[in-house]
Amino acid sequence: IPFVAKPWEVVAKELNINEDFLLDRITFFKKKGIIRRISAVFSPNKINFVSTLVAVKTAPGNVKRVAKEINFYPEVTHNYSRNGEYSIWFTLIASKKKRLAHIISELKKNKYIEKISEFPTVKSFKINVKFSS
């Protein structure tokens, strides 16, 4: 999505469709849950932020409760419930390591969390996804 005053107008023109039609389709897909949100995605290291992947071990009956508490922090980009020893995995991105440490420290006090492990990025391997038009 271009960073311009009227991005949807530009996108619609590229797709050779009307802007109103494009916006209607986006609204439709959002209501259906096909599109969750449209937002910018930044590379944390390129804007001097830090990130880490976090795994949480909690009893199966506490997953939703713990996930809700994890989602309280705006630094959480997304989280997933998984099978295995660690039932919740999430990503934290913050402007300083101290903030990441503070969030992890607070979560460790949660009585429903049995264990937290951090997996900071060592090297990022990104793929460039392109769709043909």
Side-chain angles (χ1 to χ4, degrees):
I1 301 173
F3 193 65
V4 296
K6 294 185 175 186
W8 301 120
E9 183 179 271
V10 174
V11 172
K13 189 174 183 176
E14 287 177 8
L15 296 172
N16 200 29
I17 60 174
N18 179 288
E19 180 183 14
D20 289 335
F21 177 75
L22 173 64
L23 293 173
D24 287 344
R25 298 312 299 166
I26 291 171
T27 301
F28 172 80
F29 288 129
K30 285 181 84 171
K31 284 180 182 175
K32 288 280 192 182
I34 295 168
I35 295 175
R36 287 188 312 224
R37 72 176 175 195
I38 298 172
S39 63
V41 178
F42 298 98
S43 296
N45 60 324
K46 291 188 178 182
I47 57 172
N48 294 320
F49 273 47
V50 291
S51 67
T52 190
L53 177 64
V54 182
V56 173
K57 181 179 181 181
T58 186
N62 296 323
V63 171
K64 285 185 180 181
R65 172 186 284 134
V66 172
K68 185 177 180 181
E69 292 179 29
I70 289 168
N71 288 342
F72 167 79
Y73 298 96
E75 294 88 351
V76 174
T77 61
H78 56 282
N79 71 45
Y80 297 94
S81 175
R82 305 275 182 178
N83 292 327
E85 179 183 0
Y86 292 97
S87 49
I88 302 172
W89 291 77
F90 63 96
T91 303
L92 277 174
I93 298 176
S95 60
K96 300 190 181 327
K97 284 185 181 182
K98 187 175 180 179
R99 177 64 182 158
L100 293 182
H102 176 74
I103 293 169
I104 298 296
S105 174
E106 284 187 344
L107 289 171
K108 284 181 177 179
K109 295 175 190 172
N110 185 312
K111 67 182 180 180
Y112 299 107
I113 293 176
E114 299 170 15
K115 184 178 178 182
I116 294 181
S117 295
E118 287 184 72
F119 303 93
T121 302
V122 175
K123 180 166 176 54
S124 182
F125 300 95
K126 296 287 184 180
I127 59 171
N128 191 11
V129 178
K130 292 190 181 208
F131 300 99
S132 59
S133 42

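Hydrophobic cluster membership is shared by Ile26 and Phe21, with clusters built from Ile, Leu, Val, Met, Phe, Trp and Tyr side chains linked at under 4.5 angstrom. Leu53 and Leu100 fall into different hydrophobic clusters, where Ile, Leu, Val, Met, Phe, Trp and Tyr are joined by side-chain heavy atoms under 4.5 Å apart, directly or via other members. In this structure, Ile88 is a member of the same hydrophobic cluster as Ile103, with clusters built from ILVMFWY side-chain heavy atoms closer than 4.5 Å. Val50 and Val54 fall within the same hydrophobic cluster, defined by Ile, Leu, Val, Met, Phe, Trp and Tyr side-chain heavy atoms under 4.5 Å apart, directly or through other members. Hydrophobic cluster membership differs between Phe72 and Trp89, with clusters built from Ile, Leu, Val, Met, Phe, Trp and Tyr side chains linked at under 4.5 angstrom.
Nearest approach of Pro2 to Val11, heavy atoms of both residues: CD-CG2, 3.7 Å. Between Ile116 and Ile113, the closest heavy-atom pair is CG1-CG2, 3.5 Å.
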Worked check of side chain to side chain contact (heavy atoms under 4.5 Å, CB included) between Leu107 and Val56: CA-CA 9 Å; Leu107 289 171; Val56 173; 5.8 Å; no
Chi angles and distances behind the side chain to side chain contact (heavy atoms under 4.5 Å, CB included) call for Glu19, Leu23: CA-CA 6 Å; Glu19 180 183 14; Leu23 293 173; 4.1 Å; yes
Arg99 vs Tyr73, side chain to side chain contact (heavy atoms under 4.5 Å, CB included): CA-CA, chis, key distance, verdict: CA-CA 11 Å; Arg99 177 64 182 158; Tyr73 298 96; 3.9 Å; yes
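Residue Ile93 holds its CD1 atom at 9.0 Å from CZ of Phe49, rounded to the nearest 0.5 Å. Rounded to the nearest 0.5 angstrom, Lys57 NZ and Ser117 OG are separated by 9.5 Å. Atoms CG and CD1, from Asp20 and Ile17 in turn, are 10.5 Å apart once rounded to the nearest 0.5 Å. In this structure, the separation between OG on Ser51 and CD on Glu118 is 11.0 Å, given to the nearest 0.5 Å.
Under the side-chain contact (heavy atoms from CB on, under 4.5 Å) criterion, Phe29 pairs with Arg25, Ile34, Ile35, sequence neighbours left out. Tyr80 is linked by a ring-ring contact (aromatic ring centres under 6.0 Å, His included) to His78, counting only residues two or more places apart in sequence or in another chain. Here Thr27 pairs with Lys31 under the side-chain contact (heavy atoms from CB on, under 4.5 Å) rule; sequence neighbours left out.
A donor and an acceptor atom, one from each side chain of Tyr112 and Glu69, are nowhere located under 3.5 Å apart.
No donor-acceptor distance shorter than 3.5 angstrom exists from the side chain of Thr58 to the backbone of Val63, with no hydrogens or angles considered. Side-chain N or O atoms of Glu114 include one that pairs as donor or acceptor with a backbone N or O of Ala59 at under 3.5 Å.
Residues Val76 and Leu92 are in side-chain contact: their nearest non-hydrogen atoms beyond the backbone lie under 4.5 Å apart. Inter-residue side-chain proximity for Phe90 and Thr77 is flagged as unmet; no heavy-atom pair is nearer than 4.5 Å.
The aromatic rings of Tyr86 and Phe119 lie perpendicular to each other, with more than 60° between the two planes, well past the 30° mark.
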